[in-house]
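Before any comments, here is the structure.
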Amino acid sequence: MTSKNIAILGGGNLGSSIAKGLVKSGLMTPQQITITNLDLELIQHLHDEDGFNITTDNISAINGAQIVIIAVKPTAARALLNQVKDALGNGEHVVISVISGIKIHDLEEILGDMPIIRAMPNTAIAIQESMTALSFNEKGLTYKQEVSEIFNQLGSTMVIPEAQMPAATVLASCGIAFALRFLRAASQGGIEIGFSSKLSLEIAAQIMKGASKLIIENNSHPEPEIDKVTTPLGVTIKSLNKMEYEGFSSSLIQGVVAGYNKILETES
Ligand SMILES: NC(=O)C1=CN([C@@H]2O[C@H](COP(=O)(O)OP(=O)(O)OC[C@H]3O[C@@H](n4cnc5c(N)ncnc54)[C@H](OP(=O)(O)O)[C@@H]3O)[C@@H](O)[C@H]2O)C=CC1
Ligand SMILES: O=C(O)[C@@H]1CCC=N1
């Protein structure tokens with residue numbers, strides 16, 4: 001349990017997921033977390049259902065917190081940063097930015113020389129299953145252990161050079177959407193071969209969980225695990241070869257690279 005308070009500026013998809021993960025992990029109570037949004041109605045449910053403090057006032061949220069997570073869309077970032085920079089300048093705050101495509105150097109240009117950490121989680125942070133990348137500026141390094149410990153409670157964490165942040169954004173953050181698209185496609189195939197939509201999705205989700213656990217818990221690689229499934233003259237290899245003929249692996253790889261090229265356009 002941490003005694004610090006957190007302000008999450010921009011309570012949307014990711015900001016609210018982080019807040020929920022922090023409470024689920026037992027690290028914080030909802031009363032220690034203040035979530036902001038320009039439209040209070042959008043986050044009212046986070047107060048009513050989960051007990052978080054909510055406000056439209058970014059400055060008052062910052063004043064009541066020691067850790068400030070900035071979670072607005074990249075297009076809204078500069079306006080927000082300029083609005084809050086004076087409130088962050090008193091030496092009492094650590095900033096954690098989850099904004100994609102905005103580098104520490106750009107954040108420092110607006111906020112000045114203060115502890116700044118870039119974090120790149122994914123939405124599974126809400127259930128403590130994120131893969132989160134962290135990069136620190138020099139002053140942020142003072143908080144490396146503390147911040148790493150927080151994100152370790154919310155899934156797995158990797159500390160990386162900032163130059164790898166675009167790659168982490170695609171594979172670790174967007175990646176959850178890629179995995180979910182696999183899951184959806186698998187369940188659609190399941191419906192075509194006779195399962196109800198509900199059961200098909202349940203099967204697809206469980207195979208994905210099982211596959212992930214085989215790799216994580218056995219410290220294994222997919223190929224030997226696949227070899228264990230592919231009976232000679234059997235069904236699995238027939239399906240896999242058809243999938244590969246249709247471009248399965250290649251389309252995933254090209255999708256990852258396309259996302260990477262897209263983010264390099266902004267973060268260079
Ligand atoms: N979603 C994800 O899985 C991930 C997102 N990210 C990054 O995290 C950031 C947030 O993404 P996401 O949660 O999806 O975005 P959302 O749009 O869902 O959430 C941001 C919220 O902040 C609000 N907002 C805008 N300006 C302000 C302001 N000045 N003060 C308070 N609130 C404001 C937005 O309102 P409005 O819509 O009206 O502008 C919106 O409701 C992005 O930079 C994204 O790149 C990183 C990793 C994963
Ligand atoms: O799609 C996006 O741009 C953001 C960055 C990582 C996940 N979502």
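The shown structure was predicted, so the numbers you read here are calculated from the model rather than taken from an experiment. Indexing begins at 1, ligand by ligand and atom by atom, following the structure's order.
Heavy atoms from other residues, nucleotides or ligands lying under 6.0 Å from CZ of Phe178 number more than 12. Residue Glu146 places its CD atom among more than 12 non-hydrogen atoms of other residues, nucleotides or ligands, all under 6.0 Å distant. Counted within 6.0 Å of CG on Asn219, heavy atoms from surrounding residues, nucleotides or ligands total 12 or fewer; the atom is thus considered open. Residue Leu201 qualifies as enclosed at atom CG: its count of foreign heavy atoms under 6.0 Å is above 12.
Among all non-hydrogen protein atoms, the one lying nearest atom 33 (C) of ligand 1 is Val72 CG1, 3.6 Å. Ranking protein heavy atoms by distance to atom 1 (O) of ligand 2, first place goes to Cys174 SG, 4.6 Å. Nearest protein heavy-atom contact of atom 45 (O) of ligand 1 is Ser100 OG, 2.7 Å. Ranking protein heavy atoms by distance to atom 29 (N) of ligand 1, first place goes to Leu80 CD1, 3.6 Å. Protein heavy atom in closest approach to atom 22 (O) of ligand 1: Gly10 CA, 3.3 Å. Ranking the protein heavy atoms by distance from atom 17 (O) of ligand 1 puts Lys73 NZ, 2.6 Å first. Regarding atom 35 (O) of ligand 1, its nearest protein heavy-atom neighbour is Asn37 OD1, 4.0 Å. Ranking protein heavy atoms by distance to atom 4 (C) of ligand 2, first place goes to Ser100 OG, 4.5 Å. With hydrogens left out, the protein atom closest to atom 20 (C) of ligand 1 is Ala71 O, 3.5 Å, a heavy atom.
Considering backbone and side-chain atoms alike, Asn122 places every N or O at 3.5 Å or more from each N or O of ligand 1. Considering backbone and side-chain atoms together, Asn13 places an N or O closer than 3.5 Å to an N or O of ligand 1. Geometrically, ligand 1 and Gln83 share no nitrogen or oxygen pair separated by less than 3.5 Å. Where the criterion is an N or O separation shorter than 3.5 Å, residue side chain and backbone included, Thr123 fails it with respect to ligand 1. In terms of polar-atom proximity, defined here as any N/O pair under 3.5 Å, Gly11 makes no such contact with ligand 1. By the 3.5 Å distance cut-off applied to N or O atoms, Leu14 is counted among the residues near ligand 1.
Hydrophobic cluster membership differs between Val72 and Val94, with clusters built from Ile, Leu, Val, Met, Phe, Trp and Tyr side chains linked at under 4.5 angstrom.
Heavy-atom contacts of Ser173 reach the following atoms of ligand 1: 47 (C), 48 (C) (cutoff under 4.0 Å). Heavy-atom proximity to Met120, at under 4.0 Å, picks out these atoms of ligand 1: 46 (C), 47 (C). Close contacts of ligand 1 with Thr36, meaning ligand atoms under 4.0 Å from a residue heavy atom, involve 31 (C). Here is the list of ligand 1 atoms found below 4.0 Å of a heavy atom in Ala76: 25 (C), 26 (N). Of all atoms in ligand 1, numbered sequentially from 1 with element shown, those under 4.0 Å from a heavy atom of Pro74 are 42 (C), 43 (O), 45 (O). The ligand atoms of ligand 1 that sit less than 4.0 angstrom from a heavy atom of Asn58 are 28 (C), 29 (N), 30 (N), 31 (C). Within ligand 1, counting atoms from 1 as listed, the ones closer than 4.0 Å to a heavy atom of Val98 are 6 (N), 7 (C), 8 (O), 46 (C). Near Ile99, meaning under 4.0 Å from any of its heavy atoms, are these atoms of ligand 1: 43 (O). Residue contact check: Thr169 has heavy atoms under 4.0 Å from atoms 5 (C), 6 (C) of ligand 2.
Considering every non-hydrogen atom in both Asn58 and Gln83, the closest pair reads ND2-OE1, 3.1 Å. When all heavy atoms are compared, the tightest approach of Thr55 to Ile43 is O-CD1, 4.1 Å. In this structure, Gly11 and Ile35 approach most closely via the heavy-atom pair CA-CG2, 3.5 Å.
Ranked by closest heavy atom to atom 6 (C) of ligand 2, the top entry among Ser173, Gly101, Pro121 is Ser173. The closest non-hydrogen atom to atom 48 (C) of ligand 1, taken over Pro121, Ala119, Ala133, comes from Pro121. Relative to atom 16 (P) of ligand 1, the option among Ser16, Gly12, Ala124, Ala61 with the closest non-hydrogen atom is Gly12.
Two residues are said to be in side-chain contact when any heavy atoms from C-beta on lie closer than 4.5 Å; Arg78 and Ile110 meet this criterion. Within the 4.5 Å cutoff, side-chain heavy atoms of Tyr260 are placed close to those of Pro166. The shortest distance between side-chain heavy atoms of Ile54 and Gln44 falls below 4.5 Å. Using a 4.5 Å cut-off on side-chain heavy atoms (C-beta onward), Ile99 and Pro74 make contact.
A salt bridge links Glu267 and Arg118; the closest N-O separation between the charged side-chain nitrogens and carboxylate oxygens is under 4.0 Å.
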Item to complete: Tell me, with the steps shown, if Asn53 and His47 meet side chain to side chain contact (heavy atoms under 4.5 Å, CB included).
Response: CA-CA 6 Å; Asn53 306 308; His47 174 72; 5.6 Å; no
Discussion item. Quick one, Gln128 with Ser25, criterion side chain to side chain donor-acceptor pair (under 3.5 Å). Give me CA distance, side-chain angles, the key distance, then yes/no.
Written reply: CA-CA 7 Å; Gln128 298 173 266; Ser25 70; 4.7 Å; no
